[in-house]
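Here the structure is laid out as structure tokens; the discussion comes afterwards.
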Number of protein chains: 2
Amino acid sequence: MIRLSRLSDYGIVLMSHLAGFGDGEPHNAREIAAEASLPQPVVSKLLKALARQGLLESHRGTKGGYSLARRPEEINAAEMITALEGPIGLTECTVHPGECAQEASCHVREPWRRINDVVRAALAEVSLADLAQPPRTPTHPDTLPLAGNVG
Amino acid sequence: MIRLSRLSDYGIVLMSHLAGFGDGEPHNAREIAAEASLPQPVVSKLLKALARQGLLESHRGTKGGYSLARRPEEINAAEMITALEGPIGLTECTVHPGECAQEASCHVREPWRRINDVVRAALAEVSLADLAQPPRTPTHPDTLPLAGNVG
DNA sequence: AAATATCGGACTGTGCCAGTCCGAATTCGA
DNA sequence: TCGAATTCGGACTGGCACAGTCCGATATTT
């Protein structure tokens, strides 16, 4: 259904919570889980994955935890989704060329590729800062790319 | 993975084949299956679903089959996807509000709604005619909405 | 040394997807 | 009027990815 998996959705919520803290300090999985009202094992798993992909920095030990690897303005939705569930692509052939037997004769492939690029671009325009802010007061109201396209 | 299901992908390919025939005549499932090199039961199932959603007209009997309910220019990708796999929405709460326990306190919801709208709009701009045409000669080259946004 | 974290992976159940199949209803042609 | 071809509507099944849990090892702070 062109839907991201629930875990990925959670992951982005977690990122927005981390951005919301404002400090650069590490926060541990338990704290973030409580903040987001999500089960702690799930949160652990997601934070692990995000750190592995370079969006978070991990800090071991007693006062350890996770902190954003970059400023919220420098992290976008496309990155997060890619980190959480692999390359963005509506169709199989966009992500894994060559696995579809009828690629050569497929007339629909090129249009889909363009559509994919548009979706990807739309997601790349949205920063974590935009996601973390309350709806009515975005960080960069003038440059928020979605405002003009939505009714 | 923000991916449409394989069946939906097939469904759109089938629609583009039907558009490619050019005539308004009904074509049966076996013929279309052969055209698209897909198993016939799958094709049957998909055509059934598309007809049920009003995108195709079905004709029973010996010379029966399926034909487009509207002209290819009047059918867009968002419709086809919606018909094949339900409402377009990246997150659960966009499609089924009220099922997520933390909707009230979720800061990310509103931004996601805007992103959804952008994705949906992008898909609505692409007509079946655009999909069915060979890549380099779209029906409406000047109004094809994707051209400007892609590198 | 003890406590607290992450790290890395294995593990399991559930649900949806992909695909098949069948009987009934409908239409066309002879 | 009969038979053939086709859609229609639904049930059914196997497989696989997702969702979520758990544990031992490692690192860091006190």
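Chain identifiers are assigned alphabetically (A, B, ...) following the order of the sequence lines, protein sequences preceding nucleic acid strands; residue numbering begins at 1 within each chain. Fair warning: this is a prediction, and the values are worked out from it, not measured in the lab. Values below: every heavy atom of this structure, side chains too, minus hydrogens, waters and symmetry copies.
Comparing A:Glu57 and B:Gly61 along DNA chain C, the residue whose closest nucleotide (by nearest heavy atom) sits nearer the 5' end is A:Glu57. The residue among A:Arg52 and A:Thr62 whose nearest nucleotide of DNA chain C is located toward the 5' end is A:Thr62. Mapping A:Tyr10 and A:Lys63 onto DNA chain D by nearest heavy atom places A:Tyr10 closer to the 5' end of the strand.
Here A:Arg30 does not reach the OP1 or OP2 of C:dT6: none of its side-chain N or O atoms lies under 4.0 Å away. For the pair B:Ser5 and C:dA18, the criterion of a side-chain N or O lying under 4.0 Å from OP1 or OP2 is met.
Rounded to an integer number of Å, the gap from CZ of B:Arg6 to C1' of C:dC16 is 14 Å. Atom C1' of nucleotide D:dA5 and atom CD1 of B:Ile32 are separated by 15 Å, given to the nearest angstrom. The interatomic distance linking B:His27 (NE2) with D:dT7 (P) rounds to 12 Å, in whole Å. The distance between atom CG of A:Asp9 and atom P of D:dG20, rounded to the nearest whole Å, is 11 Å. Whole-Å rounding puts the B:Glu31 CD to D:dA5 P distance at 16 Å. Separating the CG atom of B:Leu4 from the C1' atom of D:dA17 is a distance of 17 Å, rounded to the nearest angstrom.
Two residues are said to be in side-chain contact when any heavy atoms from C-beta on lie closer than 4.5 Å; B:Leu55 and B:Arg70 meet this criterion. Between A:Arg114 and A:Glu110 there is a side-chain heavy-atom pair separated by less than 4.5 Å.
No hydrogens or angles were tested; on distance alone, nothing pairs the side chain of B:Arg60 with the base of D:dT6 as donor and acceptor under 3.5 Å.
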If you restrict it to nitrogen or oxygen atoms, what contacts under 3.5 Å exist between nucleotides 20-22 of chain C and the protein, and what is each distance?
none

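Contact check on A:Asp9 versus A:Arg6 returns no salt bridge, with no Lys/Arg side-chain nitrogen under 4.0 Å from an Asp/Glu carboxylate oxygen.
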Q: Determine, step by step, whether A:Leu14 and A:Leu38 satisfy the side chain to side chain contact (heavy atoms under 4.5 Å, CB included) criterion, reporting the C-alpha distance in whole Å, the side-chain angles of both residues, the deciding distance to 0.1 Å, and the verdict.
A: CA-CA 9 Å; A:Leu14 297 182; A:Leu38 291 174; 4.1 Å; yes
(Q) Assess the residue pair B:Ser127 and B:Glu73 against the criterion (side-chain hydrogen bond (donor to acceptor under 3.5 Å, both in side chains)); give the C-alpha distance rounded to whole Å, side-chain angles, the decisive distance to 0.1 Å, and a yes or no. (A) CA-CA 6 Å; B:Ser127 76; B:Glu73 295 80 10; over 6 Å; no
Q: Using the salt bridge (charged side-chain N to carboxylate O under 4.0 Å, His left out) rule, take A:Glu125 and A:Arg120 through it: C-alpha gap first, then chi angles, then the decisive distance, then the call.
A: CA-CA 9 Å; A:Glu125 296 279 2; A:Arg120 197 168 358 207; over 6 Å; no
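Residues A:Tyr66 and A:His27 place their aromatic rings such that the two centres sit no closer than 6.0 Å.
Distance from the side chain of B:Leu7 is smallest to C:dG19 among C:dG19, D:dA19, D:dT30. Closest approach to the B:Ala29 side chain among C:dG29, D:dT7, C:dT4 is made by D:dT7 (side chain taken as heavy atoms from C-beta onward).
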